[in-house]
K.L.:
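Okay, here's the structure, questions in a sec.
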Protein chains: 4
Amino acid sequence: MSTDLEDAPPAEAVKALGKRERTKKNNREAILDAAKIVFADLGYGATSVRDIIRRTGLASGTFYNYFKSKEEVFEALMDEGMRRIRPRLRAERIRSRTFEDFIRNAYRTYFDYLATDRDTFQVIRRNPNTVRVRMDSPEIIAGFEEIREYIEEDIRNGALPNVDAEYLMAAVVGIAMEIGDRMLRRPEMDAEEASTFATTLVLGGFRTLPHAGDTK
Amino acid sequence: MSTDLEDAPPAEAVKALGKRERTKKNNREAILDAAKIVFADLGYGATSVRDIIRRTGLASGTFYNYFKSKEEVFEALMDEGMRRIRPRLRAERIRSRTFEDFIRNAYRTYFDYLATDRDTFQVIRRNPNTVRVRMDSPEIIAGFEEIREYIEEDIRNGALPNVDAEYLMAAVVGIAMEIGDRMLRRPEMDAEEASTFATTLVLGGFRTLPHAGDTK
Amino acid sequence: MSTDLEDAPPAEAVKALGKRERTKKNNREAILDAAKIVFADLGYGATSVRDIIRRTGLASGTFYNYFKSKEEVFEALMDEGMRRIRPRLRAERIRSRTFEDFIRNAYRTYFDYLATDRDTFQVIRRNPNTVRVRMDSPEIIAGFEEIREYIEEDIRNGALPNVDAEYLMAAVVGIAMEIGDRMLRRPEMDAEEASTFATTLVLGGFRTLPHAGDTK
Amino acid sequence: MSTDLEDAPPAEAVKALGKRERTKKNNREAILDAAKIVFADLGYGATSVRDIIRRTGLASGTFYNYFKSKEEVFEALMDEGMRRIRPRLRAERIRSRTFEDFIRNAYRTYFDYLATDRDTFQVIRRNPNTVRVRMDSPEIIAGFEEIREYIEEDIRNGALPNVDAEYLMAAVVGIAMEIGDRMLRRPEMDAEEASTFATTLVLGGFRTLPHAGDTK
DNA sequence: CATGAATGAGGTTTCATTCAT
DNA sequence: AATGAATGAAACCTCATTCAT
């Protein structure tokens, strides 16, 4: 028990340890880490469960103690990313006085995160002419919905005009994704530049948005 | 919820032409049509060449007279969509007097098209918890670049401030994709509503966008 | 039709003893009980050691403290059945004055037993179109041989003509198995009816059986 | 086309032929033949699809063009056996004047067949202490039912007393199976001896059988 | 004795692709 | 060009079994 925690081995030494010393948590983690890299290397479609497990040094059967399929690992990876961001978004939400503040801080948080966890997001952003992939896992959906709720709240308390909250959320997310994607491709990733751009665009436009339900 | 819509049986397009009548409606078309439906039904990842060819009634070998792989079919499908839109965008570009005009017309064109060719775009938009897929085929990339060029042109001729053209393009595209996605999930698809929303957002914000190169 | 009966949930026997009460009701018993039910549910071929052990609530490793393989469990199950019947057959043998008496009593004993221990015998009797399985374990063989010996004894002491003892034993057994099988499928199991039928058939015929060694 | 028929190769030469010359029929046959032998060699349980296909020289995938599983091959094998016997039983039925005649001829037919197609039936009859296996495939069931119908016919036309037709059929079948099994194990298989024995037993007893529905 | 995660051999199955017709 | 059975690599996944705790 205590042994496991105490001499947590440096990454390189992991193989040297008897398999039994590695805890459940570690194996799951190991698989997720390997998957992240393999997905980024080969692309989601070309990756096989074998490719992932091979990279961990674990036995093939062990994979299935933790995940049912490659898809499930991918989902876990997406969930993980979103689970890391959500608390930060929530924090921004709380300390932001205005909608403008929130958008600004949220984008900043997101693009910063993107820049540091580049690996995970390369899964999605593959070489040109390759299939890109995305999954709306429960956590991802929940994250999006949370943003929508913030918007609805602000509509209710008058901070925002009565816009189509779902579309505004979609726009915010779409901007984040596409600009994020471009940012990651640039040799110098500049999270501030990206977030300023995104923020300005959204904030410049939201006041004049058509009110929900109006078509004309 | 949205599931119901997606699993709606495809039928007409392909089934309507019994192997007999097809004959001249080029096999290539038949394969593309079948692929469109099968991708939407099964998702890109779960679809096999066999699934596609089975739906055409053609022999499996015949597939290879037209495509090298499932990926190639998918690419062709993406290309096809883009090839249909680009001339319309170009036409809008020409008759638009201002950038505002162009964005408005372009979005309108795009969302209208989306609403009519729902099938094709369902490929990307699968049930929650399913892997969604997108391909930046040459034609797609070219389409995006074309938009970027329009922006750069307008920057050069003073119609637009010196913004980051790639990011603006990315934002325009990201908004189109995410709002488009949401629009398709709504029981009443309202292309006008969607395009008004997108247009307002972009046009409201672009004037105050940071100038390219400025970070602070 | 008969399917309904076979898929009837097993339940009581094992479920009734929650892991707690079990404790002393030897694990070996628990495994045998679980196996009986799982074999009947899934069929012998489709059953895995895991399926059996899962049903006991024991750890997988524990299985191997008691049995080497699924086959060994099955054999133990078959043996168990036979071990329960043999003493009764022997008792019948002793108190029977004539061969007729013995056959009558033996069949009655057997069909009664079958009706009460239905579970065990369902192993063999699966849905139509499913592989059924039977094992001639040492105990089973010994049981059959014992019957053969009784026959040979009766030949020696003149109670029976010099018939082919192995064939007569085989016939007695074959009748028991097939009629037993049919009896179990009937909604109302009537052991007396079955044993009367079997007895009459055997007793009616044995006197005129060809003498061993005669072919023509 | 005609080529295939003309130079039907001797069994040994089959491998020499290009794979394409072997017709669909031939491959199915080849798999069944191989299965028959492998089942007899290894026992049903221990046999894998690989074992079967290896013996044919075909590619592994080819197996699945013909059968879905090992179980399906086994079923086909059982069916095949029964399909060969049934016409002969029907012929016996027609030319038999009395129930006695029919039973006698049917048993003779069956045991003769058993002796000649020993291979197929060895599947069922494995080494002592090994699992034996049996499947009531549709054809098998149909065969049994046909016998039952003959019995019911004879009851209706007065040739037989009003016995329990299902039980009588079961007894006839049980005797055939168990005596057949023993016969196959004897160094000198004597089909006549076996059928005389079985016939005498059944015919000696059937007249005195209890009438259907009577329990006491 | 009991536990149950890890193992990895090996069975099952799919599927892109070929090629004789 | 169309056909579709055959191919066999390779993926998937289960499962009996071990063994450190």
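Computed from a prediction, not measured in an experiment: that's the story for all the values here. Per chain, numbering begins at 1; letters A, B, ... match sequence-line order.
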K.L.:
Rounded to whole Å, please give me the gap between CZ in C:Phe63 and P in E:dC1.
P.N.:
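From C:Phe63 CZ to E:dC1 P: 16 Å.
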
K.L.:
A:Glu72 CD to F:dC13 P: how many Å, rounded?
P.N.:
11 Å

K.L.:
What's the OH-P distance between A:Tyr66 and F:dC13, to the nearest Å?
P.N.:
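Checked: the OH to P distance equals 18 Å.
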
K.L.:
Expressed as a whole number of angstroms, how long is the span from C:Phe67:CZ to E:dA2:P?
P.N.:
12 Å

K.L.:
Within the structure provided, determine whether D:Tyr64 and D:Val49 are in side-chain contact (heavy-atom separation under 4.5 Å).
P.N.:
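The answer is yes, as the side chains (C-beta and beyond) meet within the 4.5 Å cut-off.
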
K.L.:
Can you list everything that forms a salt bridge (Lys or Arg N to Asp or Glu O under 4.0 Å) with A:Arg50? Sequence neighbours excluded, please.
P.N.:
none

K.L.:
Would you say the side chain of B:Met135 lies within less than 4.5 Å of the side chain of B:Ile140, judging by non-hydrogen atoms?
P.N.:
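Of all side-chain heavy-atom pairs linking B:Met135 with B:Ile140, none is under 4.5 Å.
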
K.L.:
Could you state the atom-to-atom distance from CD of A:Glu71 to P of F:dC13 in whole Å?
P.N.:
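Whole-Å distance recorded here is 11 Å.
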
K.L.:
Could you list the protein-to-nucleotides 12-14 of chain E atom pairs, N/O on both sides, closer than 3.5 Å?
P.N.:
{"unit_1": "E:dT12", "atom_1": "OP2", "unit_2": "D:Val49", "atom_2": "N", "d": "2.9"}
{"unit_1": "E:dT12", "atom_1": "O4", "unit_2": "D:Arg50", "atom_2": "NH1", "d": "3.1"}
{"unit_1": "E:dT13", "atom_1": "OP2", "unit_2": "D:Tyr64", "atom_2": "OH", "d": "3.4"}

K.L.:
Taking only side-chain N and O atoms of B:Asn27, does any of them lie within less than 4.0 angstrom of OP1 or OP2 on F:dA2?
P.N.:
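Checking F:dA2 against B:Asn27, a side-chain N or O does come within under 4.0 Å of OP1 or OP2.
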
K.L.:
Once ring-ring contact (aromatic ring centres under 6.0 Å, His included) is applied, do any residues pair with B:Phe67, and if so which ones, sequence neighbours excluded?
P.N.:
B:Phe63

K.L.:
Which whole number of Å gives the distance between the C1' atom of E:dC1 and that of F:dT21?
P.N.:
13 Å

K.L.:
Using atom types as modelled and distance alone, determine if a side-chain donor or acceptor of C:Asp51 lies under 3.5 Å from a backbone N or O of C:Ser48.
P.N.:
yes

K.L.:
Once you round it to whole Å, what is the distance between P of F:dA5 and CZ of B:Arg54?
P.N.:
13 Å

K.L.:
Which donor-acceptor pairs under 3.5 Å do the side chains of residues 69-79 of chain A make with protein atoms, sequence neighbours left out?
P.N.:
{"unit_1": "A:Ser69", "atom_1": "OG", "unit_2": "A:Glu71", "atom_2": "N", "d": "3.4"}
{"unit_1": "A:Ser69", "atom_1": "OG", "unit_2": "A:Glu72", "atom_2": "N", "d": "3.2"}
{"unit_1": "A:Lys70", "atom_1": "NZ", "unit_2": "A:Tyr44", "atom_2": "O", "d": "2.9"}
{"unit_1": "A:Lys70", "atom_1": "NZ", "unit_2": "A:Gly45", "atom_2": "O", "d": "3.4"}
{"unit_1": "A:Lys70", "atom_1": "NZ", "unit_2": "A:Thr47", "atom_2": "O", "d": "3.0"}
{"unit_1": "A:Glu72", "atom_1": "OE1", "unit_2": "A:Lys68", "atom_2": "N", "d": "3.2"}
{"unit_1": "A:Glu72", "atom_1": "OE2", "unit_2": "A:Lys68", "atom_2": "NZ", "d": "3.3"}
{"unit_1": "A:Asp79", "atom_1": "OD1", "unit_2": "A:Ser137", "atom_2": "OG", "d": "2.3"}
{"unit_1": "A:Asp79", "atom_1": "OD1", "unit_2": "A:Glu139", "atom_2": "N", "d": "3.4"}

K.L.:
In whole angstrom, give the distance that lies between atom CD1 of C:Ile53 and atom C1' of F:dT17.
P.N.:
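Checked: the CD1 to C1' distance equals 13 Å.
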
K.L.:
Less than 4.5 Å apart, any side-chain heavy atom of D:Arg55 and any of D:Ile37?
P.N.:
yes

K.L.:
What's the closest nucleotide to the D:Asn65 side chain, out of F:dA6, E:dA2, F:dA2?
P.N.:
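Ranking F:dA6, E:dA2, F:dA2 by closest atom to the D:Asn65 side chain puts F:dA6 first.
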
K.L.:
What integer distance in Å separates A:Leu42:CG from F:dA11:P?
P.N.:
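Whole-Å distance recorded here is 11 Å.
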
K.L.:
Within the structure provided, determine whether D:Val133 and C:Arg132 are in side-chain contact (heavy-atom separation under 4.5 Å).
P.N.:
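No, their side chains stay 4.5 Å or more apart.
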
K.L.:
With DNA chain E as reference, determine whether C:Ala59 or B:Ala46 sits nearer its 5' end, using the nearest nucleotide of each.
P.N.:
C:Ala59

K.L.:
With sequence neighbours left out, what residues match C:Thr62 under side-chain contact (heavy atoms from CB on, under 4.5 Å)?
P.N.:
C:Asn27, C:Leu58, C:Ala59, C:Asn65, C:Tyr66

K.L.:
Could you run through DNA chain F and flag its stems, i.e. three or more consecutive Watson-Crick or G-U pairs with both distances under 3.5 Å?
P.N.:
E:2-21 with F:2-21

